[in-house]
Amino acid sequence: MEQTLPKMLRKTAADFPETYAQYSKNAEGVFEPITYRELYEIALDFAAALRQRGLVRNQPVGLISDNRKEWEQADMGIMALGAVDVPRGCDATLMDLQQILSVTECSLVIAENSAQIKKIISIKKELPALKEIISFDEISGEIKNDAHEAGLTLLLFANLLNDGKKYNIEHKAEVEAELEKGQRNDTACIIFTSGTTGTPKGVELSHGNFLTQLDELQERIYLNPGERALCVLPVWHVFERLCEYVIFVQAAAICYSKPVGSILLADFQKINPQLMPAVPRIFEAVYDGINYKMRKTGGFVYGLYKFFVNVAIVHSRINRILFRQNSRFGQDYIGAMWVIFVIPWLLLYPVKLLGDALVFHKIREMLGKNFRAGIAGGGAYPPNIDEFFWAIGVNVVEGYGLTETAPVISVRPVAAPVFGNVGSPIRGVKVRIVDQDGYVLGRCRQGVIQVKGGTVMKGYYKRPDLTAKVMTVDGWFDTGDIGMLTIHDEIVIKGRMKDTIVLRGGENIEPLPLEQKLQESRYITAAVVVGQDERYLGALILVNEEEVKGYAAENGIQYDTYDNLLASEDIQKLYESEINGLVNSKNGFKMFERVNKFVLIKKPFEVGVELSAKQEIMRFRISQIYEKEITAMFTEPEER
């Protein structure tokens with residue numbers, strides 16, 4: 001394996017120069033490709049232009065953009081010079097940008113469009129180091145004037161490519177000589193895991209952190225040269241970033257789409273991809289869309305659909321038992337299983353085949369002619385969605401990792417997936433399970449997951465104190481996740497000890513700032529935000545009894561018991577208004593940080609029950625005590 005990511009791209013371009021590397025849509029919505037030779041040349045031209053402007057090794061460069069072909073071109077150009085990109089998406093708030101760009105002291109920022117440039121200009125006073133902005137898109141005259149007044153130089157990506165091309169002709173091989181100096185342990189990027197939702201932590205990842213994974217992932221997530229992967233996720237997120245490197249190392253092609261149902265399904269038909277990496281929510285949306293369409297059809301067709309799906313699920317469960325495709329934690333007495341299940345397995349098989357012929361193949365056709373697998377990462381993949389796709393013959397494998405592990409720790413192999421786990425650790429990565437005192441546990445025992453190996457970050461940027469909290473003295477990274485190992489060392493995730501909430505869409509949310517904001521209301525004594533592995537956030541609201549009763553008296557609200565008062569429409573609307581008025585974009589919160597559901601509770605929190613000795617909320621205790629209330633918030637009415 002090559003020593004840096006640009007060297008990896010150089011090798012792929014040398015071996016497959018005319019193979020397509022990227023497909024992106026033109027103004028007419030038609031996919032246009034560029035080859036690996038062209039991609040590598042563009043990266044070198046951009047690197048040359050940056051070198052002309054004084055960019056040096058290890059210098060941080062802001063990269064504020066969503067996923068598009070220019071992102072990878074710029075990324076490779078920056079890293080070719082040994083510089084470091086600091087990425088974030090277009091949904092970044094002003095506070096996000098201020099924290100990220102000020103901590104890293106970026107003098108140069110690459111922005112996708114005028115909207116991002118306007119945000120950066122508005123916080124220029126807080127970014128004294130910033131001198132230049134490069135835009136992927138054309139810039140309006142108004143923006144140019146605003147930038148000039150702020151003391152910023154605005155440049156166009158396309159113009160810089162032309163400048164860089166001339167520089168490379170005049171200074172032949174100078175940029176490639178700089179690229180050659182790159183070493184495996186050089187920092188490739190600094191990815192911030194928290195913005196307005198907590199203390200910003202810049203995860204410093206090396207080229208080696210990414211390259212460690214590319215070796216075995218070519219076997220577990222295989223693509224042939226020229227095959228295509230449909231990409232819809234924000235590339236500043238480490239999961240999508242790594243997936244794109246996996247595509248490049250195999251000389252396959254990235255096809256840029258969007259996670260919007262109508263666009264995505266249309267692009268499946270146009271591109272016929274072999275692979276799609278996505279967060280669980282996208283696969284869940286496909287599942288919901290299929291079921292909605294069938295329910296809307298109704299009648300005999302819907303009944304037939306439900307029948308065949310249920311048969312397929314039952315047959316798949318039996319099949320996994322008989323052929324050992326489930327997670328194993330001990331002796332499974334496979335001989336006895338064959339005696340018990342072989343007859344129903346045989347009887348259901350032709351029914352499942354009929355369902356495939358009548359229903360399932362039509363669903364698979366929605367994903368094009370060549371679809372091989374989906375990769376679910378960035379959040380927990382719901383077991384019912386997993387089982388559904390398994391049953392209808394759509395292979396979706398789940399992976400596990402964190403930004404701090406760049407991100408892959410494990411992933412089910414596409415060719416031989418096992419249900420109920422996220423695969424065994426990839427080569428170059430070790431996983432152990434420890435108890436809360438740090439003692440190492442054996443297989444099939446639940447504890448905290450710790451990781452060691454080539455994917456583990458260099459540390460949190462400029463925060464050795466935070467790094468020390470997650471690294472053990474013997475070099476293991478404490479994930480804060482709860483899990484166990486099967487008898488084959490596959491990882492089964494059981495939960496998280498960390499406060500960070502990860503939604504199904506892969507969004508990472510720190511609950512404390514939300515809770516602090518909610519507690520600004522005079523009607524709220526305490527708030528606990530929940531929503532791990534759900535679509536949205538919910539909150540347990542500890543009410544201020546005195547204030548609520550005072551509100552009722554002031555507004556002439558009649559009630560017989562306190563419980564009935566809290567359940568009344570007037571009080572429910574009061575809290576809905578309070579929550580929406582505090583947690584919104586005006587206060588710096590993103591859309592996915594909105595609290596969609598809440599439950600009012602009246603019992604004060606106690607030390608030793610809900611609170612620690614330090615008066616801190618013990619979240620795992622809250623989850624146990626209020627399990628029923630939390631479940632109700634995330635259960636649809638018809639499911640209750």
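Here, residue 1 is the first one in the sequence, and each next residue gets the next number.
- For Lys181 and Asp186, the salt-bridge test fails: no basic side-chain N is under 4.0 Å from an acidic carboxylate O.
- A donor-acceptor pair is defined here as one N or O able to donate and one able to accept, closer than 3.5 Å; such a pair exists between the side chain of Gln250 and the backbone of Ile221.
- Annotation for Ala111 and Gln116: closest pair CB-CB, 3.9 Å, computed over non-hydrogen atoms.
- Contacts of Glu507 classified as salt bridge (charged side-chain N to carboxylate O under 4.0 Å, His left out), with partners at least two apart in sequence or in another chain: Arg281.
- Taking Glu365 as the reference, nothing meets the salt bridge (charged side-chain N to carboxylate O under 4.0 Å, His left out) condition, with sequence neighbours excluded.
- Every residue meeting the side chain to side chain contact (heavy atoms under 4.5 Å, CB included) condition with Thr104, not counting sequence neighbours, appears here in chain and number order: Pro60, Val86, Cys106, Ile190, Phe192, Tyr461.
- Rounding to the nearest 0.5 Å gives a distance of 8.5 Å between CD of Glu204 and OG1 of Thr467.
- Listed by chain and residue number, Tyr245 satisfy the ring-ring contact (aromatic ring centres under 6.0 Å, His included) test with Phe210 (two or more places apart in sequence, or in another chain).
- Using a distance-only test at 3.5 Å, with no hydrogens or angles considered, no donor-acceptor pair links the side chain of Arg504 to the main chain of Pro280.
- For Glu142, the salt bridge (charged side-chain N to carboxylate O under 4.0 Å, His left out) criterion is met by no residue, not counting sequence neighbours.
- The side chain to side chain contact (heavy atoms under 4.5 Å, CB included) search around Gln98 returns Ile123, Glu126, not counting sequence neighbours.
- Put simply, the side chain of Gln213 reaches to within 4.5 Å of the side chain of Leu242, judged on heavy atoms.
- Every side chain to side chain contact (heavy atoms under 4.5 Å, CB included) that Glu180 has, sequence neighbours left out, goes to Lys7, Arg10.
- Considering only residues two or more places apart in sequence or on other chains, Asn580 meets the side chain to side chain contact (heavy atoms under 4.5 Å, CB included) condition with Glu576, Arg594.
- Remark: side-chain polar atoms of Ser206 are not paired, donor with acceptor, to backbone N or O of Thr187 under 3.5 angstrom.
- A 4.5 Å side-chain heavy-atom check between Asn370 and Pro273 finds every atom pair outside the cut-off.
- Closest non-hydrogen pair, Thr212 versus Thr455, comes out as CG2-CG2, 3.9 Å.
- Once rounded to the nearest 0.5 Å, the distance linking CD of Gln516 with CG of Leu518 reads 10.5 Å.
- Side chains of Asn113 and Glu138: no donor on one and acceptor on the other come within 3.5 Å.
- Side-chain N/O atoms of Thr93 and Asp96 include a donor and acceptor closer than 3.5 Å.
- Under the 3.5 Å distance criterion, the side-chain polar atoms of Gln59 are matched with a main-chain donor or acceptor of Val56.
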Compile the donor-acceptor pairs under 3.5 Å between side chains in residues 41-49 and protein atoms, sequence neighbours left out, one pair per line.
from, atom 1, to, atom 2, distance (Å)
Asp45, OD1, Asn168, ND2, 3.0
Asp45, OD2, Lys165, NZ, 3.1

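- Remark: the Glu18 side chain and the Tyr36 side chain contain no N/O donor-acceptor pair separated by less than 3.5 Å.
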Show me, pair by pair, the donor-acceptor contacts under 3.5 angstrom made by side chains of residues 251-262, not counting sequence neighbours?
from, atom 1, to, atom 2, distance (Å)
Tyr256, OH, Gln22, NE2, 2.8
Ser257, OG, Asp267, OD2, 2.6

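- Between Leu230 and Leu264 there is a side-chain heavy-atom pair separated by less than 4.5 Å.
- Electrostatic pairing of Glu2 and Arg184 does not count as a salt bridge here, judged by no charged N lying under 4.0 Å from a carboxylate O.
- Counting heavy atoms from C-beta on, the side chains of Val235 and Pro87 never come closer than 4.5 Å.
- The stretch residues 71-99 participates, sequence neighbours left out, in no ring pair (Phe, Tyr, Trp, His ring centres under 6.0 Å) pair at all.
- Of the residues Lys144, Lys131, Lys124, the one that meets the side chain to side chain contact (heavy atoms under 4.5 Å, CB included) test with Leu152 is Lys124.
- Closest approach of Ala92 and Leu97 over heavy atoms only: CB-CD2, 3.8 Å.
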Just do the side chain to side chain contact (heavy atoms under 4.5 Å, CB included) check on Leu211 and Val249 with the steps written out, would you? CA-CA 10 Å; Leu211 293 167; Val249 78; over 6 Å; no
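- With Asp15 contributing its side chain and Thr12 its backbone, the two residues share no donor-acceptor pair below 3.5 Å.
- Remark: side-chain polar atoms of Asp66 are not paired, donor with acceptor, to backbone N or O of Gly89 under 3.5 angstrom.
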For Glu404 and Tyr460, run side-chain hydrogen bond (donor to acceptor under 3.5 Å, both in side chains): C-alpha distance rounded to whole Å, both residues' side-chain angles, the deciding distance at 0.1 Å, then the answer. CA-CA 9 Å; Glu404 289 88 342; Tyr460 293 119; 2.6 Å; yes
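- Using the six-membered ring where Trp is involved, His237 and Phe239 have ring planes that are perpendicular, over 60° apart on the 30 and 60° scheme.
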Worked verdict on Glu105 versus Lys462 for salt bridge (charged side-chain N to carboxylate O under 4.0 Å, His left out): CA-CA 12 Å; Glu105 299 179 279; Lys462 294 183 178 179; 3.1 Å; yes
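- Heavy-atom minimum distance, Ile117 versus Ser135: CD1-CB, 3.6 Å.
- No donor-acceptor distance shorter than 3.5 angstrom exists from the side chain of Asn159 to the backbone of Leu156, with no hydrogens or angles considered.
- Taking every heavy atom of both residues into account, Val279 and Gly505 meet most closely at CG1-O, 3.0 Å.
- With Asn587 contributing its side chain and Leu582 its backbone, the two residues share a donor-acceptor pair below 3.5 Å.
- For Arg51, the salt bridge (charged side-chain N to carboxylate O under 4.0 Å, His left out) partners at least two apart in sequence or on another chain are Glu174, Glu178.
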Check step by step if side chain to side chain contact (heavy atoms under 4.5 Å, CB included) holds for Val84 and Val61. CA-CA 6 Å; Val84 179; Val61 178; over 6 Å; no
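- Of the possible polar contacts, none joining the Asn272 side chain to the Gly368 backbone as a donor-acceptor pair under 3.5 Å is found.
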When you look at Asp137 and Arg68, which way does the salt bridge (charged side-chain N to carboxylate O under 4.0 Å, His left out) test go after all the steps? CA-CA 11 Å; Asp137 289 345; Arg68 53 188 289 165; 3.0 Å; yes
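- Minimum heavy-atom separation, Glu284 to Pro382: OE1-CG, 4.2 Å.
- In this model, a donor atom of one side chain and an acceptor atom of the other lie less than 3.5 Å apart for Glu510 and Thr500.
- The closest donor-acceptor contact from the side chain of Arg372 to the backbone of Tyr222 lies under 3.5 Å.
- The residue from Phe592, Phe598, Phe634 that alone fulfils the ring pair (Phe, Tyr, Trp, His ring centres under 6.0 Å) condition with Tyr536 is Phe634.
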